[in-house]
Amino acid sequence: MRMILVGPPGAGKGTQAARLLDRLGIPHISTGDMLRAAVRAGTEMGRQADEFMKAGKLVPDDVVIGMVLDRIAEADAAEGFMLDGFPRTRPQAEALDGALRRAKVTLDAVVLIEVDDDLIVGRITGRRMDPETGAIYHISYNPPPADVAARVIQRKDDTEEACRERLAKYHSETTPIIPFYEELGCLKRVDGVGTPDEVTQRMLEVLELGAE
Ligand code: AMP
């Protein structure tokens, strides 16, 4: 299965990716994770990417495209992969499409997890982390236990302003890939509102993988 996971920040892509990967046995290729690893390793690409990431900007297309095309050419991705966080722009989608055509393979599905902006803002601004264990809570949906409540913190980029900014960027830069995949006939829309189990179930249905 060759698939792409798309959705606004806070739509639950990470949660759903983890659940599906268990079942699919394909590599999870997250450009955010790869770029953070390159920054930590101090590679030339990491140094270039770091400036953009710190500024909350997208890393230039040529850097990210080269990185992903090399990664999907590796042996473990020969039978399939799940791309997460890529493509994030239309030129990235076109470059991926060209590479897959040259390799004579097809994309099976682009799953779009849909959640309204206001709901995402509520999810993200209510998020709190326990700095001692890294556990994530939500002030309304999953409140921390009493002994943890006093020490939970809010991540700097989980404020309403930062969240609206990330959503605006998603709408202006990433949503243009949606009509591209709609025309290719592989776009599958999934309602991202509900419990994680409900959303996983919907994903399995659109991917025609049957129930858990
Ligand atoms: P993420 O963990 O997916 O939110 O990515 C973290 C950061 O990495 C983003 O804010 C971008 O700066 C960069 N990044 C990740 N994926 C891409 C991509 N496909 N194109 C450009 N920049 C990316």
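Treat the numbers as computed from the prediction; the structure is a model and nothing was measured. Numbering of ligands and ligand atoms starts at 1, following listing order. The first residue in the sequence is number 1, and the count goes up from there.
The pair D158-R123 does not count as a salt bridge, with every side-chain nitrogen at least 4.0 angstrom from each carboxylate oxygen. Electrostatic pairing of E74 and R71 counts as a salt bridge here, judged by a charged N lying under 4.0 Å from a carboxylate O.
Between the side chain of Q92 and the backbone N or O of I65 there is no donor-acceptor pair closer than 3.5 Å. At distances below 3.5 Å, at least one donor-acceptor pair connects side-chain atoms of R88 with backbone N or O atoms of G85.
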Report each N/O pair between ligand 1 and the protein that falls under 3.5 Å, naming both atoms.
{"unit_1": "ligand 1", "atom_1": "2 (O)", "unit_2": "R36", "atom_2": "NH1", "d": "3.0"}
{"unit_1": "ligand 1", "atom_1": "2 (O)", "unit_2": "R36", "atom_2": "NH2", "d": "3.1"}
{"unit_1": "ligand 1", "atom_1": "3 (O)", "unit_2": "R88", "atom_2": "NH1", "d": "3.3"}
{"unit_1": "ligand 1", "atom_1": "3 (O)", "unit_2": "R88", "atom_2": "NH2", "d": "3.0"}
{"unit_1": "ligand 1", "atom_1": "4 (O)", "unit_2": "R88", "atom_2": "NH2", "d": "3.1"}
{"unit_1": "ligand 1", "atom_1": "5 (O)", "unit_2": "R88", "atom_2": "NH2", "d": "3.3"}
{"unit_1": "ligand 1", "atom_1": "12 (O)", "unit_2": "K57", "atom_2": "O", "d": "2.7"}
{"unit_1": "ligand 1", "atom_1": "16 (N)", "unit_2": "T31", "atom_2": "OG1", "d": "2.8"}
{"unit_1": "ligand 1", "atom_1": "16 (N)", "unit_2": "G85", "atom_2": "O", "d": "3.4"}
{"unit_1": "ligand 1", "atom_1": "16 (N)", "unit_2": "R88", "atom_2": "NH1", "d": "3.1"}
{"unit_1": "ligand 1", "atom_1": "19 (N)", "unit_2": "G85", "atom_2": "O", "d": "2.8"}
{"unit_1": "ligand 1", "atom_1": "19 (N)", "unit_2": "Q92", "atom_2": "OE1", "d": "3.0"}
{"unit_1": "ligand 1", "atom_1": "20 (N)", "unit_2": "Q92", "atom_2": "NE2", "d": "2.9"}
{"unit_1": "ligand 1", "atom_1": "22 (N)", "unit_2": "V59", "atom_2": "N", "d": "3.0"}

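Enclosure of atom CD in E198 by more than 12 non-hydrogen atoms of other residues, nucleotides or ligands within 6.0 angstrom is indicated. Other residues, nucleotides and ligands contribute at most 12 non-hydrogen atoms within 6.0 Å of the CG atom of D116.
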